[in-house]
Amino acid sequence: MVKEFGGGVPLSKNFTNKLSIIPLGGLGEIGKNMTAYVYGNDMIVVDAGLKFPEEEMLGVDIVIPDITFLVENKHKFRGLFLTHAHEDHIGGLPYVLKTLQVPVYGTRLTLGLVEAKLREHGILEQTKLIPITNQSEIKLGHFKVSCFYVNHSIPDSVGFAIDTPEGLVVQTGDFKFDQTPVDGRHADYAKMTALGERGVLALLSDSTNAERPGFTMSERTVGATIDEVFRNAQGRVILSTFASNIHRLQQVIYAAERSSRKVAVIGRSMVNNIAIARDLGYLQVQPTTLIEPDDISRYEAREVALLTTGSQGEPMSALTRMARAAHRKVEIYPGDTVIIASSPIPGNEKSISRTIDQLFRIGAHVIYQSVSGVHVSGHGSQEELKLMLNFIRPKYFVPVHGEFRMQNRHAELARATGVEPNNIFIMDNGDTLEFQGGVARLGGKVQAGAVMIDGLGVGDVGNIVLRDRKLLSQDGILVVVVTLSKQTGTILSGPDIISRGFVYVRESEELLDEANRIVSSTLQKLATDNINDWNGLKTGVRDALSRYLYEQTRRRPMVLPIIMEA
């Protein structure tokens with residue numbers, strides 16, 4: 001089942017002659033970043049991300065923003081702009097484009113990675129991808145959009161300067177200020193300063209590291225650590241990181257080449273991203289460095305390094321399967337050095353710890369963030385956030401891209417740099433910030449929220465399904481099958497009781513025999529009371545059996561009566 005976005009009555013909001021900024025994702029959370037800008041009959045959107053499911057979202061693969069508002073205003077939708085190619089900013093794009101056909105603007109690497117994603121979803125041919133640089137100016141209705149380069153953990157990351165009839169709005173995207181960037185491309189300090197000189201109505205800025213004091217270290221500091229590990233390791237080096245962290249991948253390639261190691265790449269997303277980054281010139285690799293996983297055995301252990309996915313402990317990722325000795329091509333041996341070069345996404349800590357434990361049991365030497373310098377953040381810490389505020393000098397400020405406590409801390413930093421407290425808006429997804437005559441105020445709310453993707457289903461898993469999955473995972477299920485006479489309503493066969501995840505049948509015969517008797521007596525009583533509709537019969541059986549099972553076991557399995565007529 002596929003969720004149909006929109007289809008309702010269009011929102012009765014009057015966007016004429018005022019600018020409305022509407023975050024549809026990324027506020028009060030990490031991930032699924034999406035922000036809509038509306039003026040009159042024109043609308044543009046920045047980013048279309050996903051986030052990974054929370055612990056209680058059992059069986060859900062990914063979560064994307066609810067785009068009902070975009071669908072209801074599709075006649076205004078002029079274009080979608082991407083800040084960079086991380087999943088929390090582009091992962092929801094295929095699902096948007098399957099519903100809405102709009103041009104997509106992004107830098108070369110961003111569009112290169114998007115292109116692969118759209119091809120996989122079978123919608124590349126119907127999508128218009130338009131490359132931009134920091135020299136581009138795109139005029140779409142009332143909006144004129146330009147961009148400026150920022151440093152992040154993936155190349156070609158940008159922020160956007162959006163000219164509107166109400167004034168200039170700046171959205172930073174994810175950023176930090178790296179004074180020694182791996183690719184040599186510095187942030188556009190002059191352009192950001194020039195924007196501040198022009199006068200900025202509002203700044204929407206990345207809040208991810210607003211709780212961290214000081215400056216975020218340069219990515220090059222990780223390179224020095226990786227170099228040292230590669231030089232000193234006597235066996236193979238296996239490094240796991242995000243497949244999209246191109247700067248980190250480049251440093252691994254450099255370290256391998258300096259230590260005369262060949263590199264095998266494991267994991268589909270890692271293979272794809274490296275191929276795209278090489279083709280576009282964002283990853284420099286000597287012709288003889290990369291080898292196929294099948295050729296690893298041809299080299300001595302100290303001549304090999306492996307680049308792999310699985311830094312978040314994902315159950316089916318390459319590193320996790322290696323740790324469980326379940327990978328069909330690579331086995332980890334005592335003496336191997338395993339580097340986990342990323343920080344845990346909130347909620348993944350347990351699975352990462354479990355993988356690290358398994359690696360230690362094998363006898364590997366494991367290096368991970370909490371005990372060594374193999375990862376730095378791609379997001380600016382407090383001093384960099386203040387620096388951005390001082391470059392841009394906005395009249396109004398909106399902390400975005402972060403959980404509420406991060407937004408709140410970012411608001412405090414803005415006050416410290418001189419932004420008027422009344423001009424700072426800590427918003428939630430679906431809130432509307434309206435500007436008219438240069439004055440901002442909070443307007444009404446639009447529909448916003450989470451749409452869950454489970455397999456091929458988009459939005460067909462909701463709270464009721466998740467509640468049932470949670471119940472099944474906790475106390476199991478009891479299925480009761482009964483056949484009744486169509487004429488008399490008497491029991492012709494059954495009740496047959498099937499238990500899954502509740503009790504072991506062979507050890508609970510007495511309990512299930514009594515359950516059988518209760519079902520029979522309940523059906524007889526309902527027949528005596530002339531209750532013969534299906535809902536009444538099922539509810540009666542379910543209530544009586546649930547009550548008995550709870551009294552006996554203090555468990556609440558899902559009771560599923562199946563009543564048939566013959």
>> Checking Ser157 against His152: is there a side-chain donor and acceptor pair closer than 3.5 Å?
In response: no
>> Is a donor from one side chain sitting under 3.5 angstrom from an acceptor on the other, for Thr180 and Ser218?
In response: yes
A side-chain contact here means heavy atoms from C-beta on lying under 4.5 Å apart; do [X] and [Y] qualify?
X: Lys176; Y: Asn209; answer: no
X: Gln358; Y: Ile362; answer: no
X: Thr241; Y: Gln251; answer: no
X: Ile246; Y: Gln250; answer: no
X: Met34; Y: Leu70; answer: yes
X: Ile67; Y: Val45; answer: no
X: Asp295; Y: Lys262; answer: no
X: Leu80; Y: Leu93; answer: yes

> Are more than 12 heavy atoms from other residues, nucleotides or ligands located less than 6.0 Å from atom CZ of Arg268?
Replying inline: no
>> Can you confirm whether Glu412 is buried at CD, in the sense that more than 12 heavy atoms of other residues, nucleotides or ligands lie under 6.0 Å from that atom?
In response: yes
If you round to the nearest 0.5 Å, how far is [atom2] of [Y] from [atom1] of [X]?
X: Leu387; Y: Leu413; atom1: CG; atom2: CG; value: 12.0 Å
X: Ile90; Y: Ile154; atom1: CD1; atom2: CD1; value: 7.0 Å
X: Thr172; Y: Leu203; atom1: OG1; atom2: CG; value: 6.5 Å
X: Tyr368; Y: Thr355; atom1: OH; atom2: OG1; value: 12.5 Å
X: Ile352; Y: Asp357; atom1: CD1; atom2: CG; value: 12.5 Å
X: Met270; Y: Ser244; atom1: CE; atom2: OG; value: 9.0 Å

>> Assess the residue pair Arg298 and Ile291 against the criterion (side-chain contact (heavy atoms from CB on, under 4.5 Å)); give the C-alpha distance rounded to whole Å, side-chain angles, the decisive distance to 0.1 Å, and a yes or no.
In response: CA-CA 10 Å; Arg298 294 171 48 195; Ile291 61 172; over 6 Å; no
N/O donor-acceptor pair under 3.5 Å between [X] side chain and [Y] backbone:
X: Asn429; Y: Leu27; answer: yes
X: Arg220; Y: Pro181; answer: yes
X: Asp336; Y: Ala364; answer: no
X: Arg261; Y: Ala305; answer: no
X: Gln382; Y: Ala210; answer: yes
X: Asn408; Y: Phe404; answer: no
X: Glu331; Y: Lys329; answer: no
X: His84; Y: Thr110; answer: no

> Checking side-chain contact (heavy atoms from CB on, under 4.5 Å) for the pair Ile274/Ile253: CA distance, chi angles, key distance, verdict?
Replying inline: CA-CA 11 Å; Ile274 286 177; Ile253 298 291; 5.6 Å; no
>> Run Gln171 and Asp47 through side-chain hydrogen bond (donor to acceptor under 3.5 Å, both in side chains) and show every step you take.
In response: CA-CA 11 Å; Gln171 183 163 344; Asp47 288 331; 4.9 Å; no
> When you look at Leu82 and His89, which way does the side-chain contact (heavy atoms from CB on, under 4.5 Å) test go after all the steps?
Replying inline: CA-CA 7 Å; Leu82 301 173; His89 293 258; 6.0 Å; no
> Going through the distances and angles, do Arg278 and Leu290 end up as a side-chain contact (heavy atoms from CB on, under 4.5 Å)?
Replying inline: CA-CA 12 Å; Arg278 286 187 75 187; Leu290 297 182; 3.3 Å; yes
>> Does Lys445 form a salt bridge (charged side-chain N to carboxylate O under 4.0 Å, His left out) with Asp431? I'd like the steps, not just the answer.
In response: CA-CA 5 Å; Lys445 286 188 76 76; Asp431 286 349; 2.7 Å; yes
> Hey, mind stepping through Thr216 and Ser381 against side-chain hydrogen bond (donor to acceptor under 3.5 Å, both in side chains) and telling me if it holds?
Replying inline: CA-CA 5 Å; Thr216 299; Ser381 298; 2.8 Å; yes
>> Given Arg185, which partner from the list Asp156, Asp178, Asn151 fulfils the side-chain hydrogen bond (donor to acceptor under 3.5 Å, both in side chains) test?
In response: Asp156
> Ser207 and side-chain hydrogen bond (donor to acceptor under 3.5 Å, both in side chains): which partner among Gln407, Arg409, His410, Arg405?
Replying inline: His410
> Less than 4.0 Å between a side-chain N and a carboxylate O, is that true for Lys117 and Glu87?
Replying inline: yes
> Does Glu383 come within less than 4.0 Å of Lys386, counting only side-chain N to carboxylate O?
Replying inline: yes
> side-chain hydrogen bond (donor to acceptor under 3.5 Å, both in side chains) between His86 and Asp174: does it pass, once the steps are laid out?
Replying inline: CA-CA 10 Å; His86 279 158; Asp174 292 356; 4.9 Å; no
Contact summary for [X] and [Y], nearest pair of heavy atoms:
X: Ile426; Y: Ala411; result: CD1-CB, 3.9 Å
X: Pro399; Y: Phe425; result: CD-O, 3.3 Å
X: Ile226; Y: Ala255; result: CG2-CB, 3.7 Å
X: Asp183; Y: Pro155; result: OD2-CB, 4.0 Å
X: Leu280; Y: Gly112; result: CD1-CA, 4.0 Å
X: Leu24; Y: Lys32; result: O-NZ, 4.2 Å

> Name the one of Glu219, Met217, Arg248 that satisfies side chain to side chain contact (heavy atoms under 4.5 Å, CB included) with His375?
Replying inline: Arg248
>> Name the residue from Phe81, Tyr149, Phe148 that meets the ring-ring contact (aromatic ring centres under 6.0 Å, His included) definition with Phe160.
In response: Phe81
> Where does the angle between the aromatic ring planes of Phe177 and Phe175 fall among parallel (under 30°), tilted (30 to 60°) and perpendicular (over 60°)?
Replying inline: tilted
